[in-house]
Undergrad: 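Here you go, one structure.
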Amino acid sequence: MRILITGGAGFLGSHLCDRFLSEGHQVVVMDNLITGSTANIEHLAGSEKFRFVKQDVTEYLYVEGDLDAILHFASPASPIDYLDLPIQTLKVGALGTHKTLGLAREKKALYLLASTSEVYGDPLEHPQTEEYWGNVNPIGPRGVYDEAKRFAEAMTMAYHRYHGLDTRIARIFNTYGPRMRLEDGRVVPNFIAQALRGEPLTVYGDGSQTRSFCYVSDMIEGIYRLLGSDEVEPVNVGNPREMSITEFARLVNEITENPAGVVHQSLPEDDPKVRQPDIAKARDVLGWEPVVPLEEGLRKTISWFQDRLGRAGPP
Ligand code: UDP
């Protein structure tokens with residue numbers, strides 16, 4: 001297959017490139033590098049099966065040659081990034097989805113949308129199944145991401161229903177691993193960087209809010225299987241092991257042997273109080289569930305960050 005991955009220089013996008021290339025496919029990456037980085041794909045530059053195009057996917061798209069699949073992963077994905085880049089976030093979720101769907105139609109390509117657990121907003125149902133419609137504040141600071149992704153899902157379903165395009169929608173929950181940006185502001189890189197510097201971890205609010213963290217290799221496997229399935233409606237992809245941010249901070253401090261503890265800072269507006277995927281559908285339809293325990297994934301991620309920070313230390 002020849003596959004286009006938008007946002008292919010980002011965290012998940014670049015791991016998808018690795019996976020598809022290792023399966024013998026050809027990969028074209030489109031990325032405008034506002035949150036992605038060529039450092040994530042530089043190891044692929046020598047491969048004749050790989051091409052990189054620096055382009056904003058909200059503008060007119062032209063790709064020479066056939067495409068068998070398009071995976072739309074371009075978007076700022078961290079709350080501080082979409083606060084910094086609110087218009088770009090809305091545009092890539094809305095216009096970028098429209099443009100890539102149009103390209104998929106032109107090329108008769110299979111289309112996979114990277115959607116998000118943020119479509120559930122600050123959820124009133126717990127855990128979240130795909131049937132839940134969500135509780136999103138459209139005008140809050142996170143609305144630029146949440147509403148763009150909700151629009152993207154609606155647009156993807158419209159292309160499927162109206163144009164008969166073959167589509168998939170992955171609702172991606174919190175994912176972590178190597179190649180997350182150190183400064184992207186999300187809890188995993190923040191805590192790891194703070195712990196490796198021997199600083200207290202910044203817990204927002206009282207730390208009772210929960211998240212469920214999926215290691216990147218599990219996520220990539222889930223997305224890969226979804227693409228190969230025939231499931232058109234959204235599928236949750238994430239790790240159902242839920243914990244409070246306080247517990248998560250304790251774990252990071254334990255693994256890194258960081259004695260500095262935590263400091264509390266104010267809770268960002270509209271920060272979801274709970275989040276946990278119900279993955280019954282993924283288990284059933286994809287035969288998939290995460291296999292990497294959090295402690296193991298964290299150790300791998302910490303050692304990757306350690307190399308980037310250029311300092312020795314535990315573990
Ligand atoms: N968080 C925190 N300290 C940090 C960064 C994040 O306590 O330094 C909290 C944040 O308030 C949220 C959770 O960790 O409740 C996950 O935040 P993240 O930015 O990783 O992504 P989200 O799941 O909110 O999209």
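Note that this is a predicted model, so its numbers are computed, not measured. Order of listing sets the numbers, starting from 1, for every ligand and every atom in it.
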Undergrad: If you count only heavy atoms, which residues are under 4.0 Å from ligand 1?
TA: P79, E118, R142, N174, G185, R186, V187, N190, F191, T202, V203, Y204, Q209, R211, I245, P268, D271, R275

Undergrad: Once you measure the plane-to-plane angle for F173 and Y120, does it fall in the parallel (<30°), tilted (30-60°) or perpendicular (>60°) bin?
TA: tilted

Undergrad: Suppose the criterion is ring pair (Phe, Tyr, Trp, His ring centres under 6.0 Å): which pairs have a residue in residues 194-217, not counting sequence neighbours?
TA: Y176-Y215, F213-F248

Undergrad: With a 3.5 Å cut-off and no angle check, do the side chains of Y111 and T100 form a donor-acceptor pair?
TA: yes

Undergrad: Does a salt bridge link R142 with E269, judged by any charged N lying under 4.0 Å from a carboxylate O?
TA: no

Undergrad: Which pairs count as ring pair (Phe, Tyr, Trp, His ring centres under 6.0 Å) when at least one residue sits in residues 44-67, sequence neighbours excluded?
TA: none

Undergrad: Apply side chain to side chain donor-acceptor pair (under 3.5 Å) to E42 and list each qualifying residue two or more places apart in sequence or on a separate chain.
TA: none

